[in-house]
**Q** 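Take this structure, written in structure tokens, and hold onto it; I'll ask about it next.
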Amino acid sequence: MYLYNSLTRKKEKFVPREQGKVYMYVCGITAYDLCHIGHARAAVVFDVLVRFLRYLGYEVIFARNFTDIDDKIIKRANELGIPWNEVAKRYIEAFYEDMAKLNILKPTFEPRATEHIKEMQELIQVLIDKGYAYVTSDGDVYFRVRAFKSYGKLSGRDIEELKAGARVEVGENKEDPLDFALWKSSKPGEPWWDSPWGRGRPGWHIECSAMSEKYLGLPLDIHGGGQDLLFPHHENERAQTVAARDIEFVSYWVHNGFVQVKGEKMSKSLGNFVTLRAIYEKFLPEVLRFFLLTKHYKTPLDFSYENLEEAEKALKKIYEAKKAIKEVIQSNPTKNTPIPEEIVNEVNEFKEKFKKALEDDLNTAAALGFTFNIVKIANRLTQEKSFKKSKNVTSVLTKILDGLNELGEILGVFSSDPDKFLAELKNKKLERKNINREEIEKLVLERSLARKNKDFKKADEIRDRLFKLGVVVKDTPHGSIWDVE
RNA sequence: GGCGGCUUAGCCAAGUGGUAAGGCAGAGGUCUGCAAAACCUCCAUUCUCCGGUUCGAAUCCGGAAGCCGCCUCCA
């Protein structure tokens, strides 16, 4: 397995600290609002990484945190007129619902910041004792950035240049503008915890350092998150842990690229975000997941409903091939037809190629390319008369189907039952395009009757009508079937 | 301004020195009452541009242009 490591800015061979085990941490959400596609991308990317590492035989111990106390949560609570912990609870629940639909596996640990105040305080105390942090007269605690020599190493920043852009907020009492908060004294009306430095609450960065170490030990094999977390969040996490423990924090830093809309980053501040719930109203979650995997995880991914529809078509193509395979296998063919060698070879190589692509810095786009190659072969075997009545073809098809299911399980897509998926997809598209099912079925029946009576003129008229409604009819030996365009 | 990234067909997108995967759209054919789906064939002599290294470059080096991100909360 090779991974691009943000720390070294190189693709590197992945070697975990303990043989056969991977300790992985990913920054989760701050629970103050609904998740959008950007959150989904991060979740899917690291979910696939976990699944693939497990497929390779590693035991993966995976922690993903919830930031459940933070300025934004307090702000949101004031807006909604409910307690801050209610805000966190509400959005954590929403997160679970949205992620379950996306087929994201549950991490081994899901630590919450508010449940680890003690661990954070202990870590802060170590930093104070070692001279890496200081307490102000207001009861805030700051990290002394200049005391930490390799600050900026992860994000490739120069401390002098950072200084030029650094700002000091009103009321802050820092030694240096670069210093960041480890502990913030509470203002009236804000939640607080007791601490050696007075009542207050933790800064954002310290939770990840404290919780990742507690659950996974050091150094973490993999630390993931969105590219936007690289600076300052991850840089600060690294500073805290390295300064306190005198050991490198993370072996492999992995950052996923942004989801963009018309070339711009999708974000709260730009207001161009699309929530997962909005997507789910129109598309199956699996379609979104598939879409998110069509591009390499590091590069920006442009979101549009057109692109989602393309992903939907592509995914449908795989499921239709699976459905056809199932049907041929169930028909118990008896003949024996020689299968061209190149087909046999390609089927045999499929899994290996797919795996190679994922081993190369999780190249899901390339893996999907190989998937379509095999889909094409499967279609040929199920559609061509000479093949589809053959017994030996069935064994090849079984191999393809098993392969698709096995590999689909890594990506978390196209591994469901095809009939189930296609039925759900049809419903979703009917809903999306506002098509009345009864009306369509009535027309299709009418047309079938007309065809039976060889009244092709009427049949074609009805077909045109259906087409205008957004429905395509296909005539098969077993009768007419229809689908949403 | 500093740092980083990107630019491959009408669109989406792989490809990190050996002669351009895949998907969508499009054209022709097989099948079909006609269609649809599927299959077969075709669809980038060329990878933003200009130089260079090399037997050989989309891939390496230098330069230019355009776009994007981070530098403040953000997946």
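A note on names: the letters A, B, ... follow the listed sequences, proteins ahead of strands, and every chain is numbered from 1.
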**Q** Looking only at side-chain atoms of Asn363(A), point me to the closest of rG15(B), rA36(B), rA75(B).
**A**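 Closest nucleotide to the Asn363(A) side chain: rG15(B).
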**Q** Could you work out which one of rG33(B), rC39(B), rA75(B) sits closest to the side chain of Asn379(A)?
**A**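 Of all the options, the side chain of Asn379(A) is nearest to rC39(B).
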**Q** Find out whether the Lys NZ or Arg CZ of Arg451(A) is both under 6.0 angstrom from the six-membered ring centre of Phe456(A) and within 45° of the ring's axis.
**A**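 The answer is no; the distance or angle limit is not met.
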**Q** Taking rA20(B) as the reference, what is the distance to rC43(B) when you measure between their P atoms (whole Å, please)?
**A**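 One P to the other, the span is 12 Å.
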**Q** Take atom C1' in rA25(B) and the same atom in rA9(B), then report the distance between them in whole Å.
**A**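 Straight-line distance between the two C1' atoms is 12 Å.
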**Q** Looking at rG22(B), rC73(B), rC70(B), which one has an atom nearest to any side-chain atom of Lys265(A)?
**A**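 Of the options given, the side chain of Lys265(A) lies nearest rC70(B).
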**Q** Out of Lys282(A), Arg432(A), Lys317(A), Lys428(A), which residue meets the salt bridge (Lys or Arg N to Asp or Glu O under 4.0 Å) rule with Glu312(A)?
**A**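 Among Lys282(A), Arg432(A), Lys317(A), Lys428(A), the one meeting salt bridge (Lys or Arg N to Asp or Glu O under 4.0 Å) with Glu312(A) is Arg432(A).
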**Q** Any strand counts, and the cut-off is 3.5 Å on both contacts for Watson-Crick or G-U wobble. Which nucleotide pairs with rU30(B)?
**A**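 Here rU30(B) is engaged in a pair, and the nucleotide opposite it is rA38(B).
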**Q** Between rG33(B), rA75(B), rA25(B), spot the one nearest the side chain of Asp475(A), thanks.
**A**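 For the Asp475(A) side chain, the nearest candidate turns out to be rG33(B).
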**Q** Tell me the partner of rC70(B), counting only Watson-Crick (N1-N3 plus N6-O4 or O6-N4) or G-U wobble (N1-O2 and O6-N3) with both under 3.5 Å; none if nothing fits.
**A**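 The base-pairing partner of rC70(B), which may sit in any strand shown, is rG2(B).
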**Q** Strictly distance-based, threshold 3.5 Å: is any side-chain N or O of Glu346(A) a donor or acceptor partner for the main-chain N or O of Ile374(A)?
**A**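 Judged by distance alone, no pair lies under 3.5 Å.
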**Q** Any side-chain donor paired with an acceptor under 3.5 Å for His255(A) and His234(A)?
**A**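 Distance-only check passes for His255(A) and His234(A).
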**Q** Would you mind telling me which of rA35(B), rC34(B), rC74(B) lies closest to the side-chain atoms of Arg451(A)?
**A**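 The answer is rC34(B), which lies nearest to the side chain.
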**Q** Checking contacts here: which listed nucleotide (rA36(B), rG33(B), rC74(B)) is nearest the side-chain heavy atoms of Leu229(A)?
**A**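 Among the listed nucleotides, the one closest to the side chain of Leu229(A) is rC74(B).
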**Q** Give a yes/no answer on whether the side chain of Trp204(A) brings an N or O atom under 4.0 Å of OP1 or OP2 in rC74(B).
**A**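 For rC74(B), OP1/OP2 do have a side-chain N/O of Trp204(A) under 4.0 Å.
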**Q** Figure out the CZ/P separation between Phe290(A) and rA13(B), and round it to whole Å.
**A**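 From Phe290(A) CZ to rA13(B) P: 13 Å.
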**Q** What integer number of Å spans the P atoms of rA57(B) and rC68(B)?
**A**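 Comparing P positions in rA57(B) and rC68(B) gives a spacing of 33 Å.
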**Q** With no angle test and no hydrogens, is the base of rC34(B) tied to the side chain of Arg463(A) by a donor-acceptor pair under 3.5 Å?
**A**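 Result: at least one qualifying N/O pair found.
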**Q** Taking the six-membered ring for Trp, does Phe372(A) stack with rG22(B) (centroid gap under 5.5 Å, planes within less than 30°)?
**A**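 No, aromatic ring not over the base.
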**Q** So what does Ala314(A) hit on the nucleic acid, given a heavy-atom distance under 4.0 Å: a base, only sugar-phosphate, or nothing?
**A**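 Ala314(A): backbone/sugar contact only, no base atoms under 4.0 Å.
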**Q** Would you say a side-chain N or O of Lys295(A) is under 4.0 Å from OP1 or OP2 of rA13(B)?
**A**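 For rA13(B), OP1/OP2 do have a side-chain N/O of Lys295(A) under 4.0 Å.
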**Q** Need one value for His296(A): base, sugar-phosphate or nothing, where a base atom within 4.0 Å counts as base even if backbone is also close, heavy atoms only.
**A**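 Answer is sugar-phosphate: His296(A) comes under 4.0 Å of backbone atoms only.
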**Q** Can you measure Lys11(A) atom NZ to rU59(B) atom C1' for me and round it to whole angstrom units?
**A**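 These atoms are roughly 12 Å apart.
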**Q** Whole-Å distance between rC74(B) P and Phe258(A) CZ?
**A**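 Answer to the nearest Å: 11 Å.
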**Q** Students often get this wrong, so: under 4.0 angstrom with heavy atoms, is Ser267(A) touching a base, only sugar-phosphate, or nothing?
**A**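 Touches a base.
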**Q** Less than 6.0 Å separating the ring centroids of Phe95(A) and Phe66(A)?
**A**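 That pair passes the under 6.0 Å test.
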**Q** Using the C1' atoms only, state how far rG23(B) lies from rU19(B), rounded to an integer number of Å.
**A**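 Roughly 24 Å separates the two C1' atoms.
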**Q** Atom CG of Leu293(A) to atom C1' of rA14(B): distance rounded to whole Å?
**A**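 So the CG-C1' distance, Leu293(A) to rA14(B), works out to 14 Å.
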**Q** What is the distance from OH of Tyr319(A) to P of rA38(B), rounded to the nearest Å?
**A**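 It works out to 17 Å between those atoms.
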**Q** How would you label the contact of Gly28(A) with the nucleic acid (heavy atoms, under 4.0 Å): base, sugar-phosphate, or nothing?
**A**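 It contacts sugar-phosphate atoms only.
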**Q** I need the NZ-P distance between Lys313(A) and rG22(B), as an integer number of Å.
**A**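 In whole Å, rG22(B) P lies 19 Å from Lys313(A) NZ.
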**Q** Looking across every strand, which nucleic acid part, if any, lies under 4.0 Å from Glu310(A) by heavy atom: base, sugar-phosphate, or nothing?
**A**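 Counting heavy atoms under 4.0 Å across all strands, the contact made by Glu310(A) includes a base.
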**Q** Could you check whether atom NZ of Lys433(A) has more than 12 heavy atoms from other residues, nucleotides or ligands sitting under 6.0 Å from it?
**A**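 More than 12 heavy atoms, drawn from other residues, nucleotides or ligands, come within 6.0 Å of this atom.
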**Q** Is there a donor N/O on one and an acceptor N/O on the other, under 3.5 Å, for the side chain of Asp460(A) and the base of rG33(B)?
**A**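 Answer is yes: a donor-acceptor pair is held.
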**Q** Taking any heavy-atom pair under 4.0 Å as a contact, classify Lys268(A): base, sugar-phosphate, or nothing.
**A**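 Answer is nothing: Lys268(A) stays at 4.0 Å or more from every strand.
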**Q** Mind checking who rU7(B) pairs with, Watson-Crick or G-U wobble, both distances under 3.5 Å?
**A**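 Pairing partner: rA65(B).
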**Q** Work out how far the C1' atom of rG62(B) is from that of rU54(B), and round it to whole angstrom.
**A**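 It works out to 16 Å between them.
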**Q** Compare the minimum distances between each of rC70(B), rC24(B), rC12(B) and the side chain of Arg157(A), then state the nucleotide with the smallest one.
**A**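 When the side chain of Arg157(A) is considered, rC70(B) is the closest of rC70(B), rC24(B), rC12(B).
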**Q** Measure from the side chain of Lys474(A), starting at C-beta and using heavy atoms only, and say which of rA37(B), rC12(B), rA13(B) lies closest.
**A**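 Among rA37(B), rC12(B), rA13(B), the one nearest the side chain of Lys474(A) is rA37(B).
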**Q** Checking all strands, does Gly38(A) fall into the base, sugar-phosphate, or nothing category for heavy-atom contacts under 4.0 angstrom?
**A**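 Touches a base.
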**Q** When the distance from CD of Glu327(A) to C1' of rA38(B) is rounded to whole Å, what number comes out?
**A**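 Whole-Å distance recorded here is 13 Å.
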**Q** Counting distance alone, no hydrogens or angles: does the base of rG4(B) have a donor or acceptor under 3.5 Å from a partner atom on the side chain of Arg9(A)?
**A**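 Side chain to base: no pair present.
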**Q** State whether Phe109(A) and Arg64(A) meet the cation-pi test: NZ (Lys) or CZ (Arg) under 6.0 Å from the six-membered ring centroid, and within 45° of the perpendicular axis.
**A**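 Relative to the ring axis of Phe109(A), which defines the angle, Arg64(A) lies outside at least one limit.
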**Q** What contact category does Gly369(A) fall into here, base, sugar-phosphate, or nothing, at under 4.0 angstrom with non-hydrogen atoms?
**A**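 Base contact.
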**Q** Would you classify Arg447(A) as touching base, sugar-phosphate or nothing, given that sugar-phosphate means primed atoms plus P, OP1 and OP2, and contacts are heavy atoms under 4.0 Å?
**A**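 Base contact.
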**Q** Is Lys317(A) close enough to rA37(B) that one of its side-chain N or O atoms is under 4.0 Å from OP1 or OP2 there?
**A**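 Result: no.
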**Q** On the nucleotide rC68(B), are OP1 or OP2 found under 4.0 Å from the side-chain N or O atoms that Lys262(A) carries?
**A**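 For rC68(B), neither OP1 nor OP2 has a side-chain N or O of Lys262(A) closer than 4.0 Å.
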**Q** Separation of Gln383(A) atom CD from rU30(B) atom P, in whole Å?
**A**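 Checked: the CD to P distance equals 17 Å.
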**Q** Counting distance alone, no hydrogens or angles: does the base of rC39(B) have a donor or acceptor under 3.5 Å from a partner atom on the side chain of Lys376(A)?
**A**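 Counting by modelled atom types and ignoring angles, no donor-acceptor contact under 3.5 Å is found here.
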**Q** Using a distance-only criterion (donor-acceptor N/O pair, under 3.5 Å, no hydrogens), is the base of rG69(B) paired with the side chain of Gln227(A)?
**A**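 In this structure, the two groups form no donor-acceptor pair.
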**Q** Do Lys75(A)'s NZ or CZ and the ring of Tyr32(A) fall within the cation-pi criteria of under 6.0 Å and 45°?
**A**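 Judged by the rule (NZ or CZ under 6.0 Å from the ring centre, within 45° of its axis), Lys75(A) is not positioned above Tyr32(A).
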**Q** Heavy atoms under 4.0 Å, any strand shown: does Glu309(A) hit a base, just sugar-phosphate, or nothing?
**A**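 Here Glu309(A) touches no strand at all.
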**Q** Could you tell me if Lys184(A) sits above the aromatic ring of Tyr142(A), with its cationic atom closer than 6.0 Å to the ring centre and no more than 45 degrees from the axis?
**A**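 Relative to the ring axis of Tyr142(A), which defines the angle, Lys184(A) lies outside at least one limit.
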**Q** Would you classify Val472(A) as touching base, sugar-phosphate or nothing, given that sugar-phosphate means primed atoms plus P, OP1 and OP2, and contacts are heavy atoms under 4.0 Å?
**A**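 Contact class for Val472(A): sugar-phosphate only.
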**Q** Would you please test Arg146(A) and Asp179(A) for salt bridge (Lys or Arg N to Asp or Glu O under 4.0 Å) and show each step?
**A** CA-CA 8 Å; Arg146(A) 280 182 190 280; Asp179(A) 295 348; over 6 Å; no
**Q** With a non-hydrogen cut-off below 4.0 angstrom, is Val259(A) in contact with a base, only sugar-phosphate, or nothing?
**A**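 It contacts base atoms.
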**Q** Heavy atoms from C-beta onward define the side chain here; which of rG33(B), rA38(B), rA14(B) lies closest to that of Phe456(A)?
**A**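 Of the candidates, rG33(B) comes closest.
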**Q** Across all strands shown, which nucleotide pairs with rC55(B) by Watson-Crick or G-U wobble geometry, both distances under 3.5 Å?
**A**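 Result: rG18(B).
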**Q** Between rA58(B) and rA27(B), how far apart are the C1' atoms? Round to whole Å, please.
**A**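 So the two C1' atoms sit 28 Å from each other.
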